[in-house]
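Along the sequence shown, the residues carry numbers beginning at 1.
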Amino acid sequence: MREHFDLGSYLQRARQTILPSLEEAAPLAEPPQGPLYVGADLGTAYLVLVVLDADRQVVAGEYQFAQVVKDGLVVDYMGAVDKLSAMKSRLEALLGRELTSAASAYPPGVPLAEVRATVNVVEAAGFTCSGLVDEPSAANYLLGVDNGAIVDIGGGTTGIAVIENGQVVYTADEATGGTHFTLVIAGAKDLSFEEAEEYKKDPSRQRELFPVLRPVMEKVASITARNLAGRKVEHITLVGGSACAQGMDRVVQQYTGIPTSIPADPLFVTPIGIALQQAYEMNSESE
């Protein structure tokens with residue numbers, strides 16, 4: 001079910017390919033051949049659209065800050081459609097290929113009506129929605145965890161998946177994520193939400209922000225510890241954009257007593273996993 005890569009080098013190449021804007025990107029010299037697999041991640045803080053080629057390598061992608069989804073719920077339907085449509089058009093211009101289908105994902109525990117809203121956004125943007133998967137499970141299509149836990153710290157919620165023998169056996173999702181980090185910074189530094197979001201992403205500010213953000217990190221850690229209590233979990237992998245906060249892995253490890261790590265560029269793990277899930281499903285159907 002899961003793809004196995006040299007995760008570090010794979011994500012390093014992906015980071016060079018998935019860009020915050022494609023408006024000035026030059027088209028590829030040659031359009032990629034064979035099937036293309038697309039992952040659309042509609043997050044609380046970021047929309048990410050990723051394209052993989054037939055070899056499951058990232059060939060293009062774009063991400064942008066957006067507040068069109070809140071805790072897995074689409075709160076600005078037309079805004080989400082407009083942004084995703086524009087991203088799709090820019091990717092098609094870059095690739096020289098039409099993108100016809102995409103898979104997407106949702107936080108565990110989101111009501112079916114809201115999952116349907118995600119499908120509607122993807123299809124209104126011009127795709128056929130080929131499938132949906134919960135976000136931590138999507139991440140594992142890239143991570144390939146056989147036994148352990150994946151904690152997806154998104155913009156609005158923290159999603160948890162426990163994996164045994166390569167299969168997800170438990171999922172949970174609770175409010176607390178990157179938006180809460182930003183609100184704390186805004187209050188502490190007397191900044192607007194948008195200014196605080198930029199302040200949060202500045203690598204030079206990470207050491208300064210750790211004591212400010214630690215209470216929110218501890219809330220994420222306590223959510224993780226409570227959901228993993230009584231389960232034999234040997235390792236935790238943190239993904240999602242908010243996992244980038246310096247010290248996040250240390251705080252989770254201290255609270256849970258379980259070794260914890262963060263892959264490079266954790267923001268891209270779930271959207272790439274969504275595209276890998278689409279590749280797996282489409283190839284399974286053709287066999």
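Of all heavy-atom pairs between Ala103 and Gln277, the closest is CB-OE1, 4.0 Å. The shortest heavy-atom contact between Pro266 and Val239 is CB-CA, 3.8 Å. Smallest separation of non-hydrogen atoms from Glu208 and Lys189: OE2-NZ, 2.8 Å. Contact record, Gly159 with Pro108: CA-CD, 4.4 Å, taken as the closest heavy-atom pair. Pairing each heavy atom of Ala275 with each of Gly39, the nearest pair is CB-N, 3.5 Å. The shortest non-hydrogen separation linking Gly79 to Val68 is C-CG1, 3.8 Å.
We find the CZ-OH distance between Arg15 and Tyr10 to be 15.0 Å, quoted to the nearest 0.5 Å. Atom NE2 of residue His235 and atom CD1 of residue Ile163 lie 11.5 Å apart, to the nearest 0.5 angstrom. Taken from CG in Leu238 to CG in Asp249, the straight-line distance is 6.5 Å, to the nearest 0.5 Å. Distance check: Leu19 CG to Arg90 CZ gives 11.0 Å after rounding to the nearest 0.5 Å. Going from atom OG1 of Thr182 over to atom CD of Glu197 covers 4.0 Å, rounded to the nearest 0.5 Å. To the nearest 0.5 angstrom, Tyr37 atom OH is 9.5 Å from Asp55 atom CG.
Each of Val69, Thr171, Asp152, Thr157 was checked for a side-chain contact (heavy atoms from CB on, under 4.5 Å) with Pro107, and the lone residue meeting it is Thr157. For the pairing with Val51, the side-chain contact (heavy atoms from CB on, under 4.5 Å) check across Thr17, Leu91, Ile18, Val58 returns one residue only, Leu91.
The side-chain heavy atoms of Leu95 and Pro32, taken from C-beta on, include a pair separated by under 4.5 Å. Residues Glu135 and Asp41 have side chains in contact (heavy-atom distance under 4.5 Å, counting atoms from C-beta outward). No side-chain heavy atom of Thr224 sits under 4.5 Å from any side-chain heavy atom of Tyr255. Residues Leu142 and Leu11 are in side-chain contact: their nearest non-hydrogen atoms beyond the backbone lie under 4.5 Å apart. Residues Val251 and Arg214 have side chains in contact (heavy-atom distance under 4.5 Å, counting atoms from C-beta outward). Annotation: side chain of Glu174 is in contact with side chain of Asn227 (closest heavy-atom distance under 4.5 Å). A heavy-atom distance below 4.5 Å is not found between the side chains of Tyr170 and Leu228. Counting heavy atoms from C-beta outward, Arg56 and Leu276 have side chains that approach closer than 4.5 Å.
Hydrophobic clustering keeps Val115 apart from Leu42 (ILVMFWY residues linked when any side-chain heavy atoms are closer than 4.5 Å, directly or through intermediates). The cluster map of Ile, Leu, Val, Met, Phe, Trp and Tyr, joined by side-chain heavy atoms under 4.5 Å apart, puts Leu84 and Leu94 in the same cluster. Note on Leu22: it does not cluster hydrophobically with Tyr46, by side-chain heavy-atom contacts below 4.5 Å among ILVMFWY residues. No single ILVMFWY cluster, assembled from side-chain heavy atoms under 4.5 Å apart, contains both Leu132 and Val122. With hydrophobic clusters built from ILVMFWY side chains whose heavy atoms lie under 4.5 angstrom apart, Leu52 shares a cluster with Val48.
With a 6.0 Å cutoff to the six-membered ring centre and a 45° limit on the axis angle, Lys88 counts as a cation-pi contact of Phe127.
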task = Kindly indicate, with the supporting measurements, whether the criterion side chain to side chain contact (heavy atoms under 4.5 Å, CB included) is fulfilled by Thr100 and Thr128.
result = CA-CA 6 Å; Thr100 58; Thr128 298; 5.8 Å; no

request  = Evaluate side-chain hydrogen bond (donor to acceptor under 3.5 Å, both in side chains) for Gln278 paired with Ser130, printing each intermediate quantity in order.
outcome  = CA-CA 7 Å; Gln278 186 194 47; Ser130 63; 2.9 Å; yes

Worked verdict on Asn147 versus Asn165 for side chain to side chain contact (heavy atoms under 4.5 Å, CB included) = CA-CA 6 Å; Asn147 292 283; Asn165 299 318; 3.9 Å; yes

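Taking a 6.0 Å sphere around CG of Asp202, one finds it holds more than 12 heavy atoms contributed by other residues, nucleotides or ligands. The number of heavy-atom neighbours closer than 6.0 Å to CD of Gln12, taken from other residues, nucleotides and ligands shown, is 12 or below. Annotation for Lys201: atom NZ counts as buried by contact number, over 12 foreign heavy atoms lying within 6.0 Å.
Under a 3.5 Å cut-off, the side chain of Gln246 and the backbone N or O of Cys244 do not form any donor-acceptor pair.
Ring geometry for Tyr280 against Tyr141 counts as tilted: the plane angle lies between 30° and 60°, on a 0 to 90° scale.
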